Each structure stands twice: as structure tokens, then as C-alpha cells.
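Sequential numbering from 1 along the given sequence is applied to the chain's residues. Small disclaimer: the values here were computed from a predicted structure and weren't measured.
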Amino acid sequence: MFESGSQVNLISEEIVKKLGLETTPHKKPYPLGWLNDKAQLQVTGQCKLKFSFGSIFVDEVEIGIIPLDICGIVLRSPYLYDRKAIFYRAKNKYLLVKDGIKYFIRAHKVKNNYTLINLGQMKRMINSCKQ
């Protein structure tokens, strides 16, 4: 998921375990107050995630690990900035630039039922799932 309101890259602990990613302690652990003011979520671990969109666009990011169950991966605003991302709402596509090459990434595929959510929707989902 791309989230232009977020300032951190995040991945769920479950995906890290399923993919068998190598983890390291985070150099500067920090709380995630923007997700939920009352939750005590801390980013204490990190890993490198190599990912692709299709077979052509391949990238790698340093990503914080948390118990994230509303989506698997959140790529932050600075990632989008670094990739000079432009969202074309009418075409429902992102333009990303990596190594001087332009890539168009479809934001939503109806047949696979993928959904992108914004920061406000994420906060509401987390707050509604408080235990």
C-alpha cells in the first residue's frame, strides 16, 4: 500500500515470518502514535524488503516491523517522493521513476480485489479493532 500521509515504511510481523526475512534490531526504536494515540505500538525491528510490481519493476526498501493486520506493507511518503510518484486518479495508476526509467503501476485490480486505503481509513480501522 502506498500512503502519502505516512512517514515510515512498515511491514507486518506475519509477512516477515512467512517470507523468512532476516531481521535486525532497529537502531532508534520509535512509537507509532499516528496509528493510534492510545496504542503502545513500537517499531523495534527492521528488515530489508525486495519487492516487485510485475516482472519489470523491482525495488528494495528498509522497513520497520510491527503487528500490522489491516494490510501487509505500507510504503511511506518519502519513498513515493524518492520515486517521483504521481497518481493518475482517472487511470487509477501510479507513475514511479527508478534509475531514470518510468514505470506505471496499477493502483487497483478489481478482479483480484486489491484495495489501497488512505491514512484516515487506516486510523478508523485500527481504532475500531481495539481490544
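In this view, K102 and L95, V97 satisfy the side-chain contact (heavy atoms from CB on, under 4.5 Å) rule, not counting sequence neighbours. Listed by chain and number, the residues in a side-chain contact (heavy atoms from CB on, under 4.5 Å) with K17 amount to none (sequence neighbours excluded).
No donor-acceptor distance shorter than 3.5 angstrom exists from the side chain of K98 to the backbone of D82, with no hydrogens or angles considered.
Residues F104 and F87 fall into different hydrophobic clusters, defined by Ile, Leu, Val, Met, Phe, Trp and Tyr side chains chained together at heavy-atom separations under 4.5 Å. Y88 and L80 fall into different hydrophobic clusters, where Ile, Leu, Val, Met, Phe, Trp and Tyr are joined by side-chain heavy atoms under 4.5 Å apart, directly or via other members. Hydrophobic clustering (side-chain heavy atoms under 4.5 Å, transitive across Ile, Leu, Val, Met, Phe, Trp, Tyr) groups F53 together with L19. Clustering ILVMFWY residues whenever any of their side-chain heavy atoms sit less than 4.5 angstrom apart, transitively, puts L10 in a cluster other than the one holding Y81. Linking ILVMFWY side-chain heavy atoms closer than 4.5 Å, directly or via other members, places I101 and V58 in two distinct hydrophobic clusters.
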### Task
Give the intermediate values and the outcome of side-chain contact (heavy atoms from CB on, under 4.5 Å) for residues I73 and L49.
CA-CA 10 Å; I73 299 168; L49 175 69; 3.6 Å; yes
#### Entry: Stepwise side-chain contact (heavy atoms from CB on, under 4.5 Å) check, I11 with C47
CA-CA 9 Å; I11 188 169; C47 65; 4.3 Å; yes
### Task
Walk me through it: do Y79 and V61 pass the test side-chain contact (heavy atoms from CB on, under 4.5 Å)?
CA-CA 8 Å; Y79 173 82; V61 293; 3.5 Å; yes
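Atom OG of S12 sits about 8.5 Å away from atom CD1 of I66, to the nearest 0.5 Å. The line from CG of L96 to NZ of K84 is 11.0 Å long, rounded to the nearest 0.5 Å. Residue F51 holds its CZ atom at 9.5 Å from CD of E60, rounded to the nearest 0.5 Å.
The environment of E62 atom CD is dense: over 12 non-hydrogen atoms of other residues, nucleotides or ligands sit within 6.0 angstrom. At most 12 heavy atoms of other shown residues, nucleotides or ligands fall within 6.0 angstrom of atom NZ in K48.
Between Y103 and F57, the angle of the ring planes goes over 60°, which puts this pair in the perpendicular group of the 30/60° scheme.
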Validation: residues 21-28 side-chain donor-acceptor distances under 3.5 Å, sequence neighbours left out:
unit_1: H26; atom_1: ND1; unit_2: K28; atom_2: N; d: 3.1
unit_1: H26; atom_1: ND1; unit_2: K28; atom_2: O; d: 3.2

